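These notes concern the structure reproduced below.
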Amino acid sequence: MLKKTELLYSGKAKDVFATDDPAVLWVTYKDQATALNGKKKVQISGKGALNLQISTLLFKAVAAAGIPTHYLSTPDQQTMLCQRCEMVPLEAVVRNFASGSFQRKFQTEPLLPLQPAVHECYYKSDALDDPFANDEQIIALGWAKPATLEAIHALSDQVNLVLQAQFSAVGIKLVDFKLEFGWLADGTLVLADELSPDNMRLVDEATGESLDKDVFRKEQGPLTPVYQTVLDRLRGAAHV
Ligand code: 5GP
């Protein structure tokens with residue numbers, strides 16, 4: 001059996017450990033919610049397990065559509081095994097409807113449909129508060145090559161189609177989301193990080209209620225029942 005070894009990285013929502021297989025990482029999902037780049041931090045019992053299960057279900061759906069991902073397996077309620085990859089230092093955001101920073105920036109009406117979906121990249125840096133970066137800035141600063149950016153945009157569009165299908169089947173509108181990508185040792189670009197309500201905005205089509213981390217950011221009530229609703233609906237649709 002695979003053994004967890006040293007802690008490589010402790011993030012806001014996950015810890016990443018090495019294993020005795022150099023190609024495999026052991027990722028634990030934390031019972032912690034953060035906002036405002038970690039300035040607001042709260043322990044939320046059960047959140048890690050919920051995000052892990054939602055992420056598992058969505059990574060499987062993305063992989064089933066032929067999109068390469070780092071996902072390997074989910075051996076227990078807190079752990080995801082992933083392929084080790086070298087991360088591209090970018091957050092790739094896709095927006096189907098105006099919300100969050102986009103809505104604030106352009107003062108649009110809430111949830112204005114965006115056609116085509118808007119792609120934005122942010123440079124991953126806690127010290128700089130993840131600043132927006134356009135393609136020329138990213139290329140000039142060496143964070144990604146033009147072909148990599150093109151691949152990130154194309155893969156993000158494919159992921160968007162898969163996630164939109166998953167959520168619309170259960171009465172949920174996929175407003176926007178953030179993806180991260182990484183390189184496997186063999187040079188394949190794969191979808192990495194997580195796919196959970198921590199990094200996407202979801203709105204109940206029937207009630208207009210938020211079903212994501214905005215509930216925590218805006219202090220609208222407890223988070224775990226909301227994440228449980230998302231999991232239950234996705235599971236119901238997947239007949240898991
Ligand atoms: P916004 O730019 O409107 O704040 O965020 C757009 C989308 O990307 C939202 O779904 C949000 O959850 C996600 N997102 C943006 N930055 C981060 C981040 O640093 N961490 C996480 N988990 N999600 C992010």
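Predicted model, so just to flag it, every value in this text is computed and none were measured. Numbering of ligands and ligand atoms starts at 1, following listing order.
N199 contributes a side-chain N or O that, together with a main-chain N or O of S196, makes up a donor-acceptor pair within less than 3.5 Å. A donor-acceptor pair under 3.5 Å links the side-chain atoms of T5 to the main chain of A18, judged by distance alone. Of the possible polar contacts, none joining the K14 side chain to the T28 backbone as a donor-acceptor pair under 3.5 Å is found. In terms of modelled atom types and a separation under 3.5 Å, the side chain of N96 and the main chain of L174 share a donor-acceptor contact.
Distances below 4.0 Å separate heavy atoms of M200 from the following atoms of ligand 1: 10 (O), 12 (O). Of all the atoms in ligand 1, the ones that sit under 4.0 Å from a non-hydrogen atom of G100 are 3 (O). Of all atoms in ligand 1, listed by their number and element, those nearer than 4.0 Å to a heavy atom of F177 are 8 (O), 10 (O). Here is the list of ligand 1 atoms found below 4.0 Å of a heavy atom in D130: 19 (O). For ligand 1 and E91, the ligand atoms under 4.0 Å from any heavy atom of the residue are 16 (N), 17 (C), 18 (C), 19 (O).
By the neighbour-count criterion of 12 heavy atoms within 6.0 Å, atom NZ of K145 is sparsely surrounded, having that number or fewer from other residues, nucleotides or ligands. By the neighbour-count criterion of 12 heavy atoms within 6.0 Å, atom CD of Q220 is densely surrounded, having more than that number from other residues, nucleotides or ligands. Other residues, nucleotides and ligands contribute at most 12 non-hydrogen atoms within 6.0 Å of the CD atom of E86.
Of the protein's non-hydrogen atoms, the one nearest atom 10 (O) of ligand 1 is D176 OD1, 2.6 Å. Among all protein heavy atoms, the one lying closest to atom 1 (P) of ligand 1 is S101 OG, 3.3 Å. Of the protein's non-hydrogen atoms, K178 CE, 3.7 Å is the one closest to atom 20 (N) of ligand 1. Protein heavy atom at the shortest distance from atom 22 (N) of ligand 1 is D198 O, 3.2 Å.
Cation-pi geometry between K3 and F17 is not met at under 6.0 angstrom from the ring centre and within 45 degrees of the axis.
By heavy-atom distance, the residue among K12, R201, E120, Q103 lying nearest atom 5 (O) of ligand 1 is R201.
At least one heavy atom of R217 sits closer than 4.0 Å to an atom of ligand 1.
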